S.K.: 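Just passing along the structure, written as structure tokens.
Each chain gets a letter, A, B and so on, in the order its sequence line appears, and its residues count up from 1. Treat the numbers as computed from the prediction; the structure is a model and nothing was measured.
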Amino acid sequence: MSTQTMTFAKALTAGLRASLEADDHVMIMGEDVGRLGGVFRITDGLQKDFGEHRVVDTPLAESGIVGTAIGLAMRGYRPICEIQFDGFVFPAYDQITTQLAKLHYRSRGAIRLPVVVRIPYGGGIGAIEHHSESPEALFAHTPGLRVVSPATPQDAYDMIRAAVVSPDPVLFFEPKGRYWSKGEVDLDSPVATATSDGGTPDPLGQARIARAGTDVTLVAYGPTVATALSAADALAAEGTSAEVVDLRSLSPMDVPAVVDSVRRTGRCVVVHEAPTFFGAGAELAARVTEECFYSLEAPVLRVGGFHTPYPVAKIEHDYLPSTDRVLDAVDRALAH
Amino acid sequence: MSTQTMTFAKALTAGLRASLEADDHVMIMGEDVGRLGGVFRITDGLQKDFGEHRVVDTPLAESGIVGTAIGLAMRGYRPICEIQFDGFVFPAYDQITTQLAKLHYRSRGAIRLPVVVRIPYGGGIGAIEHHSESPEALFAHTPGLRVVSPATPQDAYDMIRAAVVSPDPVLFFEPKGRYWSKGEVDLDSPVATATSDGGTPDPLGQARIARAGTDVTLVAYGPTVATALSAADALAAEGTSAEVVDLRSLSPMDVPAVVDSVRRTGRCVVVHEAPTFFGAGAELAARVTEECFYSLEAPVLRVGGFHTPYPVAKIEHDYLPSTDRVLDAVDRALAH
Amino acid sequence: MNPDASQGAAAEEDLVQLVAPDGRRTDGEQAAAYRDRAAHLGTDELRAMYRDMVLTRRFDDESTALQRQGELGLYPQGRGQEAAQVGSGHALHPQDFVFPSYREHGVLQVRGVDPVDRLRIYRGTEHGGWDPADHNVHLNTLVLGSQTLHATGYALGVQRDGLVGTGDPQRDTAVVTYFGDGASSQGDVNEALVFAAVNNAPVVFFCQNNQWAISEPTSRQTRVPLYKRGEGFGIPGVRVDGNDVLASYAVMAEALERARTGGGPTFVEAYTYRMGAHTTSDDPTRYRERAEEEEWALRDPIDRLAALLRAEDRWDDAWAADVEAQADSLAERLRADLRALEDPASTSMFEHVYATPHSQVEAERAWFEAYEHDTAQDERDSSREAAR
Amino acid sequence: MNPDASQGAAAEEDLVQLVAPDGRRTDGEQAAAYRDRAAHLGTDELRAMYRDMVLTRRFDDESTALQRQGELGLYPQGRGQEAAQVGSGHALHPQDFVFPSYREHGVLQVRGVDPVDRLRIYRGTEHGGWDPADHNVHLNTLVLGSQTLHATGYALGVQRDGLVGTGDPQRDTAVVTYFGDGASSQGDVNEALVFAAVNNAPVVFFCQNNQWAISEPTSRQTRVPLYKRGEGFGIPGVRVDGNDVLASYAVMAEALERARTGGGPTFVEAYTYRMGAHTTSDDPTRYRERAEEEEWALRDPIDRLAALLRAEDRWDDAWAADVEAQADSLAERLRADLRALEDPASTSMFEHVYATPHSQVEAERAWFEAYEHDTAQDERDSSREAAR
Ligand SMILES: Cc1ncc(C[n+]2csc(CCOP(=O)(O)OP(=O)(O)O)c2C)c(N)n1
Ligand SMILES: Cc1ncc(C[n+]2csc(CCOP(=O)(O)OP(=O)(O)O)c2C)c(N)n1
Ligand SMILES: [Mg+2]
Ligand SMILES: [Mg+2]
């Protein structure tokens with residue numbers, strides 16, 4: 001087992017490299033993914049090693065990127081599209097929503113579109129407008145798309161490879177604020193492939209218990225898993241045992257895993273960076289309440305962004321869900 | 001008081017006409033809105049009466065329609081954009097989400113964008129793909145937009161006029177399946193204007209009690225208000241008194257009105273055509289549960305579309321929330 | 001007749017035409033370069049085109065009638081555009097791939113897509129209707145212009161597969177995408193031009209300018225002839241008389257060959273006319289003049305090819321009668337088979353949302369099946385029934 | 001030096017240039033039509049342009065330094081593009097309206113936008129920075145190409161206001177939008193060309209082709225010179241030497257006059273070079289050659305104007321020293337005022353989301369204020385503090 005300590009970013013690069021190696025039809029396309037290696041260097045070195053043919057600098061047009069990726073996929077390729085920042089996925093929104101999500105359905109299964117759309121997302125990096133947003137809920141509502149977000153280097157490595165082999169389109173949200181965080185990565189871990197007969201569990205649809213606990217369930221994904229874990233640390237020191245569930249996938253959402261936890265703890269706080277209004281936490285709260293109605297000691301509480309555009313960098317840390325705000329919510333849940 | 005019986009569609013036309021009459025800077029722009037009067041004839045006769053200058057047939061490009069409307073609004077105009085069908089709003093999604101929604105914030109109030117985007121939405125009309133969708137949640141999650149949907153001819157007339165005078169951008173979702181339904185419309189009703197000092201209630205943000213009741217609260221908006229009312233009729237015959245709340249607006253959402261009702265009834269079912277997964281009902285359920293935790297006898301239940309693309313016409317009635325499905329949910333709520 | 005006078009003038013000037021409306025072959029300079037492309041077409045080929053045009057029109061008329069009878073929810077007529085579609089379709093090789101919009105009944109006819117399959121979408125039983133791999137024809141795309149990017153991407157795939165410029169006509173592959181004058185304004189179409197040009201993709205942009213986008217004349221989309229659109233992207237353009245099946249064939253044959261041999265994309269504007277309504281839901285009397293329709297009726301593409309066949313002694317009454325008979329039986333089969341189409345099962349709505357299991361879909365499907373089952377068994381009291 | 005050889009050749013051929021890199025006025029045919037446009041510019045005007053270019057560059061250098069010192073989160077340098085921006089900016093009338101992208105520091109300089117205001121966005125204290133009405137300059141737009149549609153819409157508004165072709169130079173109004181070679185590929189830019197052309201809108205599309213879109217050379221966006229892009233939409237195009245301030249002025253003056261007098265839109269490609277990195281976060285050594293940068297350094301726009309001034313005896317050392325002094329004081333003021341900028345209050349994030357009250361925002365703001373208040377008061381135990 002070749003386990004190494006590496007950054008989240010490098011784990012992604014390793015996952016992309018492994019995907020390019022495993023299948024000739026895998027290709028990377030996007031703005032500046034070639035010589036530059038992308039503005040975050042996630043594709044660093046890949047064009048050099050795999051050629052301009054496999055790692056393609058495209059014109060600056062996101063609809064064009066996703067739209068041509070659909071055509072390439074119809075011809076048997078497996079394009080991995082890089083969107084430069086969260087706020088720049090919207091020119092491609094029509095292609096993603098009306099075409100990428102629906103062609104498998106429209107063709108009654110005749111067309112498969114194994115397209116991955118990688119989107120660095122989330123805030124906390126001191127950036128200007130459009131560079132810190134969390135638009136995942138705007139995709140999870142659309143049937144036909146899988147929407148996932150890894151939280152650890154190991155998951156970055158495993159989930160990107162699983163996304164590439166998935167026959168379904170995957171919106172792959174990368175918590176850019178975690179790119180430089182480090183962790184152990186087993187580079188020999190198997191590629192999780194979904195089977196279409198429903199026999200094996202869906203690798204892009206299963207939550208992970210990031211920390212076991214008994215008094216309250218904290219649910220998070222992507223960048224806020226770290227926030228939830230830090231809150232759990234603080235709570236542990238106070239004698240409160242928090243379980244942390246890393247959702248990993250928003251569509252599908254592993255509700256049974258959360259329900260199982262909440263049935264034990266009786267309390268649930270969900271944390272994400274996106275505005276809570278119409279956000280993923282709403283879906284989770286609605287579902288958990290429906291299925292744990294008699295075990296809940298308090299309503300499911302949501303900690304997230306506010307109903308404002310992502311604010312200027314100087315005050316973004318007041319906008320983002322912090323450890324303190326999670327603790328505040330836990331206090332409120334426990335007070336019930 | 002000049003009250004007339006008219007269709008929902010005609011009430012909208014009357015509201016647009018009144019808006020064009022009231023302010024020279026109001027204009028209508030979109031595909032086929034001129035001589036044809038729009039594919040649903042909502043702008044019927046308006047170009048003839050107000051001229052090609054006020055009612056403008058644009059090139060076939062939705063991003064261009066909304067993008068140029070933003071520029072026109074910056075120059076002092078009040079454009080009302082017509083999107084031909086729900087499924088064709090997505091090419092304009094970037095302009096709506098990154099520009100229309102954010103320019104007021106970006107400019108710290110210096111720029112106001114009184115743009116209305118009219119979107120006929122919803123199903124049940126036997127149409128082909130992209131012509132029956134309910135994408136409202138994909139807009140309500142974005143701060144800076146108001147998202148509303150009238151359910152009656154009177155509201156169609158009142159809300160379109162209020163939307164036009166609103167200094168904020170309004171996504172105006174028209175339940176196309178109700179276009180031919182009739183109702184009384186008071187054409188002398190005053191235009192509800194929002195005041196910026198917060199003193200008067202927000203006319204585009206207040207729910208309406210469509211029917212009073214005591215045993216269960218049914219929440220709906222747009223096309224499903226009629227469904228909820230028909231369920232209430234059936235329940236009444238069985239001795240169950242249902243209150244029906246017509247939300248009218250999704251952003252903002254009049255949560256206090258629903259909370260007030262649910263505190264009295266103890267049960268709540270929310271009904272919309274959009275898929276429930278990440279839909280408006282999730283937000284409503286999360287909020288109502290949070291605020292009515294101790295008055296709820298049952299979890300808030302959702303009746304809506306499924307997590308599938310809008311299906312083919314031959315089976316759309318199995319997809320759409322029906323009276324029966326609402327009754328089923330009420331049964332489940334009452335069984336708790 | 002085009003509301004924009006300047007375009008009308010240009011139309012006549014720049015138009016590639018091989019057969020005049022009276023059926024005689026033209027001899028102008030303009031078309032000289034294309035004449036050779038059609039020179040090899042003998043009686044059999046010309047008759048095959050005629051047949052496809054007649055069958056396409058019969059399909060059109062029959063579908064319109066079926067819609068009136070309530071058998072279809074909607075139908076977009078192709079009348080008037082048969083030459084543009086059948087001519088361009090005949091220039092395709094089997095390995096070429098087509099990305100249509102929604103009005104290309106003539107192309108589907110040429111490619112062999114089953115007539116009933118073509119109507120499933122309008123009957124409301126399917127969103128698609130056929131397997132694209134069967135005839136190398138993608139499904140209809142209703143979001144205007146989106147398919148031009150798919151076609152460009154597919155062409156980039158063909159290029160990567162090494163199937164451009166091999167010199168083997170059985171292998172070299174081109175892609176064509178059809179779209180309308182209205183769709184040309186969409187950002188996607190222009191991005192497709194960018195991607196195609198920069199990569200020299202083997203794709204033909206075939207724009208049918210039928211003068212109208214529902215109620216909007218082409219002058220609302222452009223102020224210069226549309227065939228020029230590609231030039232600023234580095235894509236050569238040509239305007240062909242879309243009511244002339246030979247010219248449509250020849251121009252398309254050249255564009256496809258350029259694509260297959262590595263010469264890159266071409267923008268073809270087929271100048272034609274939508275003789276019918278936009279769809280069966282449309283009412284063209286609200287926005288266009290009868291006189292315009294009548295003038296274009298004189299340029300009917302089927303009449304023109306018939307005139308050519310007669311003028312060149314390629315016509316044969318027995319053969320023509322057989323074509324009519326084929327049309328009759330197509331119509332008959334269409335009526336019967338369409339009516340026989342079964343409605344999909346309600347649970348089919350949950351199928352193919354994803355290629356792999358998705359818990360949300362599965363949970364909802366399970367709920368729905370149980371609900372359907374219960375409802376079927378349920379004996380509700382009459383008051384509740386009444387309210388439904 | 002452009003990676004696409006064909007473009008490099010075309011670049012030289014089609015380029016409107018009034019002043020050669022050595023400072024001498026050109027006398028070629030190519031530019032004859034534009035020479036008159038710049039003929040009236042006397043020493044005062046030329047010196048004013050020089051001053052604006054020097055101040056723009058000093059602003060650029062100082063901002064870059066401030067970013068290195070941690071006073072700015074990011075800064076996109078304009079070095080090398082001063083002539084294109086200052087020249088075109090000087091052709092504007094006060095009533096004209098500008099829609100910039102994000103690198104138009106020279107245009108903002110000419111329009112009088114306060115230097116500190118220009119940096120608020122990069123300091124992270126505002127998303128905008130100024131009131132567009134103050135100088136008829138819209139805020140930066142970061143979503144590539146979006147602003148071209150806003151500009152077109154604004155121009156349609158100007159047209160509706162009756163402020164085109166009145167014959168009164170004080171009232172006739174034009175709109176200009178700036179965007180880059182990379183942005184030209186966006187659907188929005190092409191839709192803007194459609195809307196502008198069809199409506200004959202008084203708008204100038206000013207595309208600064210600085211050879212690079214971050215790491216991608218212009219050949220990744222187009223295979224023909226960009227100034228041709230508008231032609232297929234019916235919009236005339238011109239390629240100007242963007243390192244020649246006189247040519248940039250003259251070409252823009254003509255385009256603006258066409259717009260103001262009802263002649264419709266123009267597409268200007270200013271052929272120039274981004275001498276710096278894309279932004280302070282970028283590392284151009286990863287994707288371009290030092291030799292290329294050095295070659296372009298020989299065409300420095302400020303040097304060129306200085307050479308012209310000297311060659312024509314319009315230079316004066318005392319005046320030049322004064323310009324330097326002005327640059328020094330601009331830099332000094334920038335440093336001081338920028339550092340003095342206060343951070344916004346955290347609650348300001350809730351302001352201006354809507355122009356009218358919105359219950360969601362109000363509820364969250366109320367919650368946040370109470371939370372902030374409580375947190376401030378709170379004495380938590382140390383273990384919890386430690387974990388934060
Ligand atoms: C993005 C989008 N916007 C609007 C529509 C509605 N619509 C369907 S067909 C049509 C007119 C298209 O005109 P054209 O491209 O000229 O093709 P034609 O119908 O004439 O064949 C419109 C506006 C659509 N299908 N897609
Ligand atoms: C829609 C969109 N996609 C991607 C980006 C990220 N991005 C910012 S600047 C840039 C390059 C722009 O190049 P160009 O238009 O030539 O302008 P330049 O930076 O050279 O001035 C990119 C890709 C963006 N801002 N907007
Ligand atoms: Mg058309
Ligand atoms: Mg550039």
Side-chain angles (χ1 to χ4, degrees), chain A residues 25 27 53 56 58-77 79 91 94-95 98-99 101-114 143-146 166-169 193-202 204-205 251-256, chain C residues 97 99 121 126-134 138-143 145-161 173 175 177 186-188 190-199 201 203 344 348-349 351-364:
Chain A
H25 282 81
M27 51 180 289
H53 206 61
V56 184
T58 63
L60 268 68
E62 287 76 8
S63 188
I65 293 170
V66 175
T68 56
I70 290 171
L72 280 156
M74 285 184 63
R75 185 76 194 180
Y77 289 89
D94 176 52
Q95 284 286 348
T98 72
Q99 306 300 317
K102 296 188 172 62
L103 266 162
H104 188 259
Y105 194 73
R106 187 177 303 152
S107 67
R108 300 201 57 69
I111 298 172
R112 288 193 167 189
L113 296 180
L145 303 175
R146 289 177 175 271
S166 163
D168 289 314
T193 52
T195 55
S196 44
D197 61 13
T200 29
D202 180 350
L204 294 174
S251 177
M253 193 183 265
D254 189 353
V255 177
Chain C
F97 207 97
F99 286 80
I121 178 174
E126 286 201 30
H127 285 324
W130 60 89
D131 184 335
D134 287 345
H138 186 49
L139 304 174
N140 290 322
T141 297
L142 303 180
V143 180
S146 310
Q147 77 280 9
T148 60
L149 280 168
H150 309 158
T152 302
Y154 193 93
L156 295 174
V158 167
Q159 199 178 42
R160 302 169 81 84
D161 289 344
T173 303
V175 178
T177 176
Q186 290 284 352
D188 272 9
N190 294 284
E191 293 190 9
L193 296 175
V194 170
F195 277 71
V198 165
N199 295 294
V203 57
S348 70
M349 77 175 116
E351 284 162 22
H352 306 297
V353 183
Y354 296 89
T356 48
H358 185 285
S359 59
Q360 187 70 25
V361 178
E362 290 179 356
E364 291 179 357

S.K.: Using a cut-off of under 4.5 Å for heavy-atom pairs, which of Ser348(C), Ala151(C), Ser146(C) has the most such pairs with chain A?
M.R.: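 Sorted descending by pairs with chain A, the first entry is Ser146(C).
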
S.K.: At their closest point, which heavy atom of Asp188(C) faces which heavy atom of Gly145(C), and how far apart are they?
M.R.: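 So the minimum-distance heavy-atom pair works out to CB-O, 3.8 Å.
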
S.K.: Give, as side chain, backbone, both or neither, the part of Ile70(A) having an atom under 4.5 angstrom from any heavy atom of chain C.
M.R.: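 The side chain, not the backbone.
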
S.K.: Determine the minimum heavy-atom distance between Gly205(A) and Pro252(A), stating which atoms define it.
M.R.: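 For Gly205(A) versus Pro252(A), the nearest heavy atoms are CA-CG, 3.9 Å.
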
S.K.: Heavy-atom cut-off 4.5 Å, strictly under: side chain, backbone, both or neither for Thr98(A) against chain C?
M.R.: side chain

S.K.: Identify the heavy atoms of Ile121(C) and Gly128(C) that sit nearest to each other, and give their distance.
M.R.: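 That closest heavy-atom pairing would be CB-O, 3.8 Å.
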
S.K.: Can you tell me which of Phe97(C), Tyr354(C), Phe99(C) forms the most heavy-atom pairs within a distance under 4.5 Å of chain A?
M.R.: Tyr354(C)

S.K.: Out of Ala73(A), Pro143(A), Pro91(A), Ser63(A), return the one with the most heavy atom pairs under 4.5 angstrom to chain C.
M.R.: Ser63(A)

S.K.: In terms of heavy-atom proximity below 4.5 Å to chain A, should Leu139(C) be classed as side chain, backbone, both, or neither?
M.R.: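 Just its side chain gets close to chain A.
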
S.K.: Please name all residues satisfying side-chain hydrogen bond (donor to acceptor under 3.5 Å, both in side chains) with Asp168(A), sequence neighbours left out, ordered by chain then number.
M.R.: Arg146(A), Thr356(C)

S.K.: Which bit of Val158(C) is near chain A, if near means a heavy-atom gap under 4.5 Å: side chain, backbone, both or neither?
M.R.: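 Answer is both: backbone and side chain atoms of Val158(C) are under 4.5 Å from chain A.
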
S.K.: Between Glu351(C) and chain A, which part of the residue has a heavy atom less than 4.5 Å away: side chain, backbone, both or neither?
M.R.: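 It is both, since atoms from each part get that close.
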
S.K.: Can you tell me which portion of Asp94(A) sits under 4.5 Å from chain C's heavy atoms? Options are side chain, backbone, both or neither.
M.R.: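 It is the side chain, since no backbone atom gets that close.
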
S.K.: Side chains of His358(C) and Ser251(A): any donor to acceptor distance under 3.5 Å?
M.R.: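 A pair is found: one side chain offers a donor N or O, the other an acceptor, under 3.5 Å apart.
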
S.K.: Looking at His352(C) and His104(A), would you say the former's side chain and the latter's main chain have a donor-acceptor pair under 3.5 Å?
M.R.: no

S.K.: Is any side-chain heavy atom of Arg106(A) closer than 4.5 Å to one of Leu142(C)?
M.R.: no

S.K.: So which of Ala110(A), Ala101(A), Pro59(A), Gly109(A) has the biggest tally of heavy-atom pairs under 4.5 Å with chain C?
M.R.: Pro59(A)

S.K.: What I'd like to find out is whether the side chain of Gln95(A) reaches to under 4.5 Å of the side chain of Ile65(A), using heavy atoms alone.
M.R.: no

S.K.: Using a 3.5 Å distance criterion without hydrogens, assess whether the side chain of Thr177(C) forms a donor-acceptor pair with backbone atoms of Val203(C).
M.R.: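 Between the backbone of Val203(C) and the side chain of Thr177(C) there is no qualifying donor-acceptor contact (under 3.5 Å).
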
S.K.: With a 4.5 angstrom heavy-atom cut-off, could you sort out which part of Met253(A) is near chain C: side chain, backbone, both or neither?
M.R.: backbone

S.K.: Relative to chain A, which segment of Thr148(C) carries a heavy atom at a distance below 4.5 Å: side chain, backbone, both, or neither?
M.R.: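 For Thr148(C), neither part sits under 4.5 Å from chain A.
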
S.K.: With sequence neighbours excluded, what pairs up with Gln186(C) under the side-chain hydrogen bond (donor to acceptor under 3.5 Å, both in side chains) test?
M.R.: Glu62(B)

S.K.: Does any backbone or side-chain atom of Ala61(A) lie under 4.5 Å from a heavy atom of chain C? Answer side chain, backbone, both or neither.
M.R.: both

S.K.: Might you point out which heavy atoms bring Gly144(A) and Pro169(A) nearest each other, and give the distance in Å?
M.R.: O-CG, 3.6 Å

S.K.: Pick from Asp131(C), Val175(C), Asp161(C): which one has the most heavy-atom pairs with chain A under 4.5 Å?
M.R.: Asp161(C)

S.K.: With a 4.5 Å cut-off on heavy-atom pairs, point out which of Glu126(C), Arg160(C), His138(C) contacts chain A the most.
M.R.: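 Ranked by heavy-atom pairs under 4.5 Å with chain A, first place is Arg160(C).
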
S.K.: So which of His150(C), Glu191(C), His127(C), Met349(C) has the largest heavy-atom pair count under 4.5 angstrom toward chain A?
M.R.: His150(C)

S.K.: When only pairs under 4.5 Å are counted, which of Leu113(A), Leu145(A), Asp254(A) shares the most heavy-atom pairs with chain C?
M.R.: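 Winner by heavy-atom pair count: Leu145(A).
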
S.K.: Please look at Val66(A) and chain C and tell me whether the side chain, the backbone, both or neither of the residue comes under 4.5 angstrom of a heavy atom of that chain.
M.R.: neither

S.K.: Any sub-3.5 Å donor-acceptor pair from Gln159(C)'s side-chain atoms to Asn199(C)'s backbone N or O?
M.R.: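 Side chain of Gln159(C) to backbone of Asn199(C): a pair is present.
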
S.K.: Quick one: what part of Asn190(C) sits under 4.5 Å from any heavy atom of chain A, side chain, backbone, both or neither?
M.R.: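 Neither; nothing under 4.5 Å.
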
